[in-house]
Number of protein chains: 2
Amino acid sequence: MTGVTDMTDVTRVIRVLLADDQHLVREALAALLGLEPDLEVVGQVSRGDEVAPAVTALRPDVVLLDIEMPGRDGLTVAGDLTGVRVIILTTFGRPGYLRRAMDAGVAGYVVKDARAGELADAVRRVHAGGRVFDRRLAAASVSTGANPLTGRERDVLRAATEGGTVADIARRLHLSDGTVRNYLSSAIGKLGARNRAEAARAAEAKGWL
Amino acid sequence: MTGVTDMTDVTRVIRVLLADDQHLVREALAALLGLEPDLEVVGQVSRGDEVAPAVTALRPDVVLLDIEMPGRDGLTVAGDLTGVRVIILTTFGRPGYLRRAMDAGVAGYVVKDARAGELADAVRRVHAGGRVFDRRLAAASVSTGANPLTGRERDVLRAATEGGTVADIARRLHLSDGTVRNYLSSAIGKLGARNRAEAARAAEAKGWL
DNA sequence: GGTGTGAGGTGACATTCGTCAGGGGACGGC
DNA sequence: GCCGTCCCCTGACGAATGTCACCTCACACC
């Protein structure tokens, strides 16, 4: 309304930083948030390792973080950010992701399947000091429970998804063949699967990978 | 070709229909396209099987179609649409998808990694009668070549990705165990893989699945 | 009519997998 | 100090997998 530059006005606006590897989606989200008068997208980055520098440079109030990004994983990035509120914004409604996000101290978790208004709302609530987590996902997280896999079991299972034989995995992880088979067998048992492929699918679906 | 009323240049505005299963992305894309004065998003659907009815009801000039949608596959939907220009808009830059899209007669293929201006441009060019295909993807498509898998090999490989043993797959497809093993072996050979998991990954990455 | 290709099948074989029963060592908690 | 857990390894065994040779049948194409 006032055409005059008013610096106090700036403090009213919530400064948002967007991190998503898909240009089009990022720009589109910026356009969407730009429709809200009290929100301002002050920056956009496409890689995980660009988030921290951008935060220092732009001093946003809230960061919207995708999980799957080149350079650095969104959940890892979130764990290291300080002095800014973080909302995870991702395609994947995997219970394990939510848990990891909460452990990383994020203030919100919104899936890309949410309705348009929810995102702006989440930004406002989080900026006001609240926490916003997808309800269905929170419920699923409780029923799913904690990740039953040990660190090594996860490593081996993750390596198994890349394909290759037991010998390949063993070489990649500097283990003996038998050890790899044991970890795989153990993981298969814990996940109620019938072979490594099924186990990998199950673990991935729950965000335990 | 319908010889009915040709609506000369009634509309200067290009009518766009959006089909994407993720609410937030869809709304965001609508906001982005809404910024262009010559484009108008006249409708949005979230499922593949809602596209055809929406086209009849809303008569858009251009349809933006995601590939992975519940209800019906975007590529399949594209093949059945008539009287409207189709642009595939998807996350996946898989050569095989591009090929299938071209076979389905679509007018454009844009990946979600594209820059914001490219989408609006693509809509305009396509509406004007042109064709717009992602350059890098087109190149990859040429080098990748055609899908070497036979129909049955694809079926078996697809079933294999769901997990389960050979016997399970055989039961699901009403085949004998030996036949399933033969198809898998053949597919593994053609794809240069070393087991079914590697083969499935390779096929999926190229969009041959 | 011959030829090629894809679908579907059988039987045999070597290899790989998944399982089980052990054997260590390191570390943290009560 | 003992117990539990995770790490790492070995060896053995049966079941599942991947490969190969070879078979019929249908269909399209020249």
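Order of the sequence lines fixes the chain letters, A, B, ..., with proteins taken first and strands second; residue numbering starts at 1 for each chain. Computed from a predicted structure; not experimentally measured.
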Using a heavy-atom cut-off of under 4.0 Å over every strand shown, decide if [X] touches base, sugar-phosphate, or nothing.
X         : answer
Thr165(B) : sugar-phosphate
Thr150(B) : sugar-phosphate
Asn182(B) : base
Ser176(B) : sugar-phosphate
Arg152(A) : sugar-phosphate
Gly151(B) : sugar-phosphate

Result of checking Val55(B), Val51(B), Val62(B), Val106(B) against Val86(B) for side-chain contact (heavy atoms from CB on, under 4.5 Å):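 Of the listed options, the one satisfying the test is Val106(B).
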
Which whole-number value in Å describes the distance from [X] [atom1] to [N] [atom2]?
X         : N       : atom1 : atom2 : result
Leu184(B) : dT19(D) : CG    : P     : 9 Å
Leu175(B) : dG8(C)  : CG    : C1'   : 7 Å
Leu149(B) : dG6(C)  : CG    : P     : 11 Å
Arg194(A) : dG18(C) : CZ    : P     : 12 Å
Asp177(A) : dT16(C) : CG    : C1'   : 11 Å
Arg181(A) : dC8(D)  : CZ    : P     : 17 Å
Tyr183(A) : dC17(C) : OH    : P     : 18 Å
Ile188(B) : dC20(D) : CD1   : P     : 11 Å

Value rounded to 0.5 Å, distance of CG in Leu149(B) from CG in Asp155(B):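 CG of Asp155(B) is found 10.5 Å from CG of Leu149(B).
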
Over-ring placement of Arg94(B) relative to Phe92(B), 6.0 Å and 45° cut-offs: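 Checked: cation-pi criterion met.
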
Among dG18(C), dC9(D), dC7(D), the one nearest Thr179(A) by side-chain distance: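 Shortest atom-to-atom distance from the side chain points to dC9(D).
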
Short N-O contact, Glu153(A) and Lys190(A), less than 4.0 angstrom: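 So Glu153(A) pairs with Lys190(A) through a salt bridge.
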
Test: Arg115(A) and Glu27(B) ion pair at under 4.0 Å: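 Salt bridge flag = no for Glu27(B) with Arg115(A).
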
Presence of Arg196(B) side-chain N/O under 4.0 Å of dG18(D) phosphate oxygens OP1/OP2: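 It does, given that an N or O in the side chain of Arg196(B) lies less than 4.0 Å from OP1 or OP2 of dG18(D).
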
